[in-house]
Participant: 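Quick one: this structure, given as structure tokens, is what I'll be asking you about.
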Amino acid sequence: MCHAGKPLTGTRADHRPTVMQHHQFDSAGVRIAYVDTGDISDETTRLDLPPVLLIHGFASNHSVNWIYPGWFDALTKSGRRVIAIDNRGHGASEKLYDPAHYGADIMAEDAARLLDHLDVARAHVMGYSMGARITAFLTMTHADRMASAVFGGLGGAMIHGFDGSDNVAHALEAPSVDVIADQTGRMFRLFAEQTGGDLRALAACMRSGRPPIAPEKVATSGVPILIAVGTKDEVSGPARVLQEALPGSLVLDIPNRDHNRAVGDKVYKQGVLGFYDEVEAAA
């Protein structure tokens, strides 16, 4: 999940509007949608920098998670090419109704195939919430494709799990939001309705198996890692719990922000851009 904003387009470094063209590709038989600022010829894009691949959170999509909160603006103004995926079951990607077709490990392979499809050898990868979990699986299985990993909106819950999955799935399947008593489930249902999500597909995604993440495999991948969590985020789990499990990782505290509002915060953007600069300087 993430906070939804207003604008429908991004802007380039010269402040001209950017209209993002949707594309689709075949990921092992599933239609996956994405957008890519590489479509737009712009002399400000630095070809010597790795592109940035953005992976959104549960019940969100690339626009709500990344364009509306200003991430496309911030990243393109820094000279970087930006690619954003709609995870399966979300946004403009194919909707699937069997929980077996979901799971962060499966969606990580969609992201890896997108890099293949675009002939991108290495990218910075940033995921938010569920997208951070997907990014962690990419770190374990495709470390050679990653210039860095940013785990946004997910701390200790990445390794200790999320206890409310059944309540959220039931809330998504409920006939009306008015009959939902569980507050977390109600929050996710309202967000899914706000973003125009397919409730049945989202319930299947929430009911999917959650294969365990082996912190030692993430920590020994050699991928530079930044953990960025709001200080009032009660969904993600503490950032430093995850940092302790990933020696060498860095933490970015996003002050006074909860799970929904952290994603668009300027401290988050500035911290990530500074992290990218450091990683690229050390390469």
Participant: Salt bridge check: are D36 and R81 linked by an N-O gap of less than 4.0 Å?
Facilitator: yes
Participant: Under 4.5 Å between side-chain heavy atoms, hopping through other hydrophobics if needed: is there a path connecting L246 to V150?
Facilitator: no
Participant: Taking V82's backbone N and O only, do any of them form a donor-acceptor pair with T37's side chain (distance below 3.5 Å, no angle check)?
Facilitator: yes
Participant: Please confirm whether the backbone N or O of D178 pairs with a side-chain atom of S176, one donor and one acceptor, at under 3.5 Å?
Facilitator: yes
Participant: Distance check, rounded to the nearest 0.5 Å: R207 atom CZ versus D166 atom CG?
Facilitator: 6.0 Å
Participant: Could you check whether any side-chain N or O of Q24 sits under 3.5 Å from a backbone N or O of A92, counting only pairs where one atom can act as donor and the other as acceptor?
Facilitator: yes
Participant: What are the two closest non-hydrogen atoms of C205 and S208, and how far apart are they?
Facilitator: O-OG, 2.7 Å
Participant: Is the closest side-chain heavy-atom distance between V267 and P255 below 4.5 Å?
Facilitator: yes
Participant: Looking only at the side chains, is there a donor atom on one of S27 and D110 sitting less than 3.5 Å from an acceptor on the other?
Facilitator: yes
Participant: Just verifying a value: how many Å separate H56 NE2 and I134 CD1, rounded to the nearest 0.5 Å?
Facilitator: 7.5 Å
Participant: Less than 4.5 Å apart, any side-chain heavy atom of L53 and any of L115?
Facilitator: yes
Participant: Is the shortest heavy-atom distance from the side chain of I83 to the side chain of V52 under 4.5 Å?
Facilitator: no
Participant: Please report the interatomic distance CD(Q183) to CG(N167), rounded to the nearest 0.5 Å.
Facilitator: 11.0 Å
Participant: Between the main-chain N or O of G57 and the side-chain N or O of S60, is there a donor-acceptor pair closer than 3.5 Å?
Facilitator: no
Participant: Quick one: pull up CG in D233 and CG in N260 and give me the separation to the nearest 0.5 Å.
Facilitator: 8.5 Å
Participant: State, to 0.1 Å, how close A192 and L172 come at their nearest heavy-atom pair, and which atoms those are.
Facilitator: CB-CD2, 3.9 Å
Participant: side-chain contact (heavy atoms from CB on, under 4.5 Å) with F151: which of V125, V218, L252?
Facilitator: V218
Participant: Just checking, is any N or O donor in the side chain of S93 or R88 under 3.5 Å from an acceptor N or O on the other one?
Facilitator: no
Participant: Given the rule that I, L, V, M, F, W and Y join up when any side-chain heavy atoms are under 4.5 Å apart, are V223 and L242 in one cluster?
Facilitator: no
Participant: Take H101 and E94 through the test side chain to side chain contact (heavy atoms under 4.5 Å, CB included) and record every step on the way to the result.
Facilitator: CA-CA 11 Å; H101 292 152; E94 186 172 351; over 6 Å; no
Participant: Answer with yes or no after comparing the ring centroid distance for Y128 and H259 against a 6.0 Å cut-off, counting only values under it.
Facilitator: yes
Participant: Evaluate side chain to side chain contact (heavy atoms under 4.5 Å, CB included) for H142 paired with E109, printing each intermediate quantity in order.
Facilitator: CA-CA 9 Å; H142 297 283; E109 292 306 310; 3.0 Å; yes
Participant: Name the orientation class of the two ring planes belonging to F25 and Y34 (parallel below 30°, tilted from 30 to 60°, perpendicular beyond 60°).
Facilitator: perpendicular
Participant: Grab the two heavy atoms, one from V251 and one from D253, that are nearest each other, plus how far apart they are.
Facilitator: CG1-OD1, 3.7 Å
Participant: Compute whether any side-chain donor of one residue and acceptor of the other, for D39 and H23, lie under 3.5 angstrom apart.
Facilitator: yes
Participant: Specify the closest pair of heavy atoms between T231 and N256, including all atoms of both residues, with the distance to one decimal.
Facilitator: OG1-N, 2.7 Å
Participant: Between R189 and E173 (salt bridge meaning N to carboxylate O under 4.0 Å), is one present in this structure?
Facilitator: no
Participant: Only one of R122, R80, R46 forms a salt bridge (charged side-chain N to carboxylate O under 4.0 Å, His left out) with E280, so which one is it?
Facilitator: R80
Participant: Between L154 and F188, is there shared hydrophobic-cluster membership here, with clusters defined by ILVMFWY side-chain heavy atoms closer than 4.5 Å?
Facilitator: no
Participant: Considering all heavy atoms of both residues, which atom of N61 and which atom of G91 are nearest to each other, and what is their separation?
Facilitator: CB-CA, 3.8 Å
Participant: Taking atom OG1 of T135 and atom CD1 of I55, what is their separation to the nearest 0.5 Å?
Facilitator: 4.0 Å
Participant: In the single-linkage hydrophobic clustering (I, L, V, M, F, W, Y; side-chain heavy atoms under 4.5 Å), do L250 and Y268 co-cluster?
Facilitator: yes
Participant: OG1/T141 to CZ/F137 distance, rounded to the nearest 0.5 angstrom?
Facilitator: 8.5 Å
Participant: Verify the cluster assignment for M146 and I227: are they in a single hydrophobic cluster under the rule of side-chain heavy atoms below 4.5 Å apart?
Facilitator: no
Participant: So, does H90 use its side chain to make a donor-acceptor pair with the main chain of A59 at under 3.5 Å?
Facilitator: yes
Participant: Can a donor-acceptor pair be found, under 3.5 Å and without considering hydrogens, that links the side chain of R133 to the backbone of D105?
Facilitator: no
Participant: Before giving the answer on ring-ring contact (aromatic ring centres under 6.0 Å, His included), spell out for Y68 and H62 the whole-Å C-alpha distance, their side-chain angles and the decisive distance to 0.1 Å.
Facilitator: CA-CA 9 Å; Y68 295 0; H62 79 273; 8.7 Å; no
Participant: Let's go through I32 and I85 carefully: what are the C-alpha distance in whole Å and the side-chain angles of both, what is the deciding distance for side chain to side chain contact (heavy atoms under 4.5 Å, CB included) to 0.1 Å, and is it a yes or a no?
Facilitator: CA-CA 8 Å; I32 299 296; I85 192 171; 3.6 Å; yes
Participant: Apply side chain to side chain contact (heavy atoms under 4.5 Å, CB included) to N65 and L54, showing your working.
Facilitator: CA-CA 9 Å; N65 214 138; L54 302 174; over 6 Å; no
Participant: Any side-chain donor-acceptor pair under 3.5 Å between Y102 and N87?
Facilitator: no
Participant: K95 vs D198, test: salt bridge (Lys or Arg N to Asp or Glu O under 4.0 Å). Steps then yes/no.
Facilitator: CA-CA 7 Å; K95 308 304 183 293; D198 183 317; 5.9 Å; no
Participant: Any idea which heavy atoms bring G185 and I180 closest together, and the distance?
Facilitator: C-CG2, 4.1 Å
